[in-house]
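Single-structure report; data block below.
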Amino acid sequence: MKHPIKALPLRVCARLTLSALALSAASTTLAETSETFDTMTVTANRMPTENALAPTTVITRADIERLQINDLPSLLSRFPGIDMTMSGGLGKSSSIFMRGTNSDHVLFLVDGVKWFSATSGGAAIQDFPVSQIERIEIVRGPRSGLYGSEAIGGVIQIFTRQAKTGFTPYGEVSVGSHNAQAVTAGAAGGNASTSYNVTVNHSSTNGINAREENDPDHDGYRNKSVSAKLSHQLTDDWSVGLNFLRAEGDNEYDGFTPTNDHTADTVQQVMGFNSGYQVTDNWSFQFQLSESRDQLEDFTNNISSGVFDTRHRLVSIKNLIDIAPGHLLNIGFDYEHDKVTSSNEYSEKSRDNRAPYISWQAEVDRFSWLLSARHDSNEAYGSKNTGTAEAGFYLTDNLQLVANVGTGFKAPTFNQLYWPDQGFFVGNPELKPEKSKSYGLGLIGSADWGTWSVHSYHTDIRDLLIYQFPTTQNVDEAEIEGIEFDIATAILGWQVSFNAAFLNPEDKETDKTLRRRAQRMANLHVDRQFGKWATGASWKLVGHRYDDAANTNRLGGYGLLDLRLTYQFADDWSAKLSASNVFDKKYQTVPTYNSLDRTVMFTLTYQP
C-alpha cells in the first residue's frame, strides 16, 4: 500500500502560509525599490508567453547580486522545489533534485542550447560561473513534450550576460575565506542595429578538506571563463545572433584511496548561431545551429587516468504562427547528434535523434491553455512520444486555477549503454528510456501586498535505470507526491519571500524513500534598503535524507543562515559583504564528504 504525504507537514506549511498572509495584509504595498520581474518568459512554452501555466521561477541578475551567492548549485537550491547535494565544497561534484526526481531528470539549457554530458547524463553545474549569468528561468514539471529527453523533473535555462545598446563597462573584485578570490570584467554596447556583450572571469579558492576520511589537505578549485554575445538586425524583418561561453575548471578532489592525489581538468563550452525572419505579419521563422561540449580529464598522482569528451550538436527550426488573436502555434523540428571521444573504448561513439513537435498556446477571456506533442526517434533506443496539456482559469481578476498533465522520458547514457566490460561494470545496449507521467494542480494569486502560489503534483516514473551487478537494468519504479508554496510581500518596509516544499519520493516496490532526497525544504529571504545601504538575510532549512535504498544510512537535516550588506559609496560603485553559514553548521549531503563551513566574502563592484 502506498501512503500519501503525511498530514503533519501539510498542516504546518498551511499554518505558515496563513500566518504570512495575515502579516502581509497589514503591511505596506511593495516598495518602489523592489525588483520588477519581466513578465515575458520563453522556457516554459518554448515560445514567448506572459502567462506560463507551469510553475515557473525567474532569477534575474539583480537577484544574484542581492543574494551574493557565488556558486550555481547553492543559488538554485534557494528557490522552490529544488534540493542540492555537493561532495566537498566549491567546484566539487554537485547534483540537484527537482521535485524529487533524479539528478539527471532536469534538462539544462544555456541560451537555448542543450547542455549535458552524454556519458554521465548530467550537467556539471558546479563549473558554471555565476558571474556570467544574466537570468535563469526554472520550470518545474515535465517538458519532454517540447524538449525531449531529460525533462522529467523540469527545465532550467540559463541566459548569459545580455547585449545592450550604448557602451557600459562593468566589473567586480572579490576576496574571502579559504583564500577565495574572483575577478570579473565585461562590457556591453552597440547601436540600434548591432549590440554585443563580452565578460571574462577568474576565480579560485584553496577549498576545504573534501572528505573527512582522507588526509586533512585542502582541495582547491580554479575556474576561468569567457562569454560573448553579438546580435545584428540585418533588415527590419531579419535578425541574426551569436553566443559563446567557455569555462575551464581545475579541481582537486578526494577519491577513495587516501594516499593518492586526484585532480580533474574540465571544459564546459556552449556556442550557437541563431536567426529569425518575420515572413508575414503572423508568421515568424527561427533557425538555430549550436553545440555544447563537456570535457573531463582525470589525473591520479599527476598521471592521466581517463578522458571523456562529449559534444551535443543541434539543428533546430521553429515556426511561430499567430492563427487567431490570442492563439499562437509553434511547429518545429530538432535534429540532435551526440558524439563521444574517450580513453574508454565504447562500442558506439555517436547517435542521432530526430524530433518533430507542435504546440498551441491560447488565451480566451479568463481561460488559457497549452497543448504540445513531440515524437523523438533515436538510433540508439528507438522512438518515444510525449506530450503536455495545461489549462488555467481566472476565478477572479487576481486568482488563477491551473491544472496540468504531462509525460516525460530520460534517455540512457553512453556509459549505461556502451561502457566496455571492466569486470565490475559493463554497458547494456538493450536499455529503454525511463518514462514518467505527472499531474498537477495549483493556485496563483496576486494582490496589492504581493504574490503567492501553491502547487501540488503527482509523478510516476517507470523503467528506472538501476545498477545491478554487473550492469544497468530497467527494473525500478518510483512515485512522488508533493506540494510547494511560494509567497512574496513587504512587511514594515522589508521585502520578504518565502518558499517551502514537502514531498514523498518513494520506491513503489519497497515503500522506501528514494536516496539523497530531502522530504522537507524551506527558504526565507528578507531584504531592505536604507538610503545607500542595503541589508538582508536568508535562512535555508532542509530535512533529513537517506543515502541508501534501504533507508538505513540517515543524513541529518540542517539549517543555514546567510547575512549580507551592501553600501553604494558612489554613483557607480558599491561595496558588498556577505557571510554564509553564519552559525558554522556541520552537515553532509553526501556521506563522508564535508560541506562548507562559515565563509565571508568582500566584493567591490563597478556597475554604471
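For this chain, numbers begin at 1 and follow the sequence in order.
Note that CD1 of Ile487 and CG of Leu524 are 11.0 Å apart. Values are rounded to the nearest 0.5 Å. From Met86, atom CE reaches atom CG of Asn594 across 13.0 Å, with rounding to the nearest 0.5 Å. For the atom pair CD1 (Ile133) and CZ (Arg161), the distance works out to 9.5 Å, reported to the nearest 0.5 Å. Rounded to the nearest 0.5 Å, atoms CZ (Arg78) and CE (Met84) are 8.0 Å apart.
Side-chain atoms of Asn499 and Asp486 form no donor-acceptor pair, as typed in the model, at a separation below 3.5 Å. Asn179 and His218 are not linked by any side-chain donor-acceptor pair at a separation below 3.5 angstrom, with hydrogens and angles left out of the test. Defined by atom type and a distance below 3.5 Å, a donor-acceptor pair is present between the side-chain atoms of Thr43 and Glu137. Inspection of the Thr566 and Arg66 side chains reveals no N or O donor paired with an N or O acceptor under 3.5 Å. With hydrogens and angles left out, the side-chain atoms of Trp115 and Gln268 include a donor and acceptor closer than 3.5 Å. The closest side-chain donor-acceptor pair between Gln132 and Ser225 falls under 3.5 angstrom. Ser538 and Arg564 form a side-chain donor-acceptor contact under 3.5 Å, judged by distance and modelled atom types alone. Counting only N and O atoms by type, the side chains of Ser174 and Thr603 include a donor and acceptor under 3.5 Å apart. For Gln68 and Asn70, the side-chain atoms include no donor-acceptor pair closer than 3.5 Å. Defined by atom type and a distance below 3.5 Å, a donor-acceptor pair is missing between the side-chain atoms of Thr60 and Arg135. Side-chain contact annotation: Glu481 with His458, donor-acceptor N/O pair under 3.5 Å present. Between the side chains of Glu434 and His105, at least one donor-acceptor pair of N or O atoms lies under 3.5 Å. Judged purely by distance below 3.5 Å, without hydrogens or angles, the side chains of Thr184 and Glu172 never pair a donor atom with an acceptor atom. Looking at Tyr170 and Thr199, their side chains do bring a donor and an acceptor atom within 3.5 Å of each other.
Nearest heavy atoms, Ala54 versus Val139: CB-CG1, 3.8 Å. When all heavy atoms of Asp63 and Val58 are compared, the closest pair comes out as OD2-O, 3.8 Å. Nearest heavy atoms, Ala264 versus Leu296: CB-CD1, 3.6 Å. Here the shortest heavy-atom pairing between Gly91 and Asp127 reads O-OD1, 4.5 Å. Taking all atoms of both residues into account, the shortest heavy-atom contact from Arg545 to Val542 is NH2-CG1, 3.3 Å.
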Decide yes or no on side chain to side chain contact (heavy atoms under 4.5 Å, CB included) for Ile156 and Leu107, but give the supporting numbers first. CA-CA 6 Å; Ile156 297 175; Leu107 172 63; over 6 Å; no
Please assess Ser177 against Thr599 for the test side chain to side chain donor-acceptor pair (under 3.5 Å), listing each intermediate value before the final yes or no. CA-CA 5 Å; Ser177 303; Thr599 58; 5.3 Å; no
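The stretch residues 75-102 participates, sequence neighbours left out, in no ring-ring contact (aromatic ring centres under 6.0 Å, His included) pair at all. The side chain to side chain donor-acceptor pair (under 3.5 Å) analysis of residues 85-95, with sequence neighbours excluded, yields the pairs Lys92-Asn251.
Not one N or O on the side chain of Gln269 forms a donor-acceptor pair closer than 3.5 Å with the backbone of Ser292. Put simply, the side chain of Asp584 gets close to the backbone of Arg598: a donor and an acceptor are under 3.5 Å apart. Formation of a donor-acceptor pair under 3.5 Å by the Asn206 side chain with backbone atoms of Asp219 is not found in this model. Checking side-chain atoms of Ser580 against main-chain N and O of Asp562 turns up no donor-acceptor pair under 3.5 Å. Remark: side-chain polar atoms of Arg528 are paired, donor with acceptor, to backbone N or O of Leu492 under 3.5 angstrom. Looking at Ser74, its side chain never comes within 3.5 Å of a backbone N or O of Asp71 through a donor-acceptor pair. Within the 3.5 Å criterion, the main-chain N or O of Lys585 finds a donor-acceptor partner in the side chain of Asn581. Of the possible polar contacts, none joining the Asp460 side chain to the Lys437 backbone as a donor-acceptor pair under 3.5 Å is found. A donor-acceptor distance shorter than 3.5 angstrom exists from the side chain of Ser456 to the backbone of Leu441, with no hydrogens or angles considered. Although no hydrogens or angles enter the test, the distance criterion places no donor-acceptor pair under 3.5 Å between the side chain of Arg61 and the main chain of Glu134.
Put simply, the side chain of Asn102 reaches to within 4.5 Å of the side chain of Leu464, judged on heavy atoms. You'll find the side chain of Leu109 stays beyond 4.5 Å of the side chain of Ile158, heavy atoms only. Counting heavy atoms from C-beta on, the side chains of Tyr221 and Asn223 come closer than 4.5 Å. A heavy-atom distance below 4.5 Å is not found between the side chains of Phe159 and Val110.
Taking the six-membered ring for Trp and the full ring otherwise, the centers of Phe485 and Trp452 sit at least 6.0 Å from each other.
A salt bridge between Glu390 and Arg143 is present, with a side-chain N of the basic residue lying under 4.0 Å from a carboxylate O of the acidic one. Looking at Arg222 and Asp250, a side-chain N of the basic residue comes within less than 4.0 Å of a carboxylate O on the acidic one, giving a salt bridge. Between Arg517 and Asp83 no salt bridge is recorded (no basic side-chain N to carboxylate O distance below 4.0 Å). With salt bridges taken as basic N to acidic carboxylate O contacts below 4.0 Å, none links Arg515 and Asp548. By the 4.0 Å N-to-carboxylate-O rule, Arg246 lies close enough to Glu248 to be salt-bridged with it.
For Trp494, the CH2 atom is densely surrounded, since the number of other residues' heavy atoms within 6.0 Å is greater than 12.
Annotation: cation-pi pair Lys532/Phe530 absent, no NZ/CZ under 6.0 Å from the ring centroid and within 45° of its normal.
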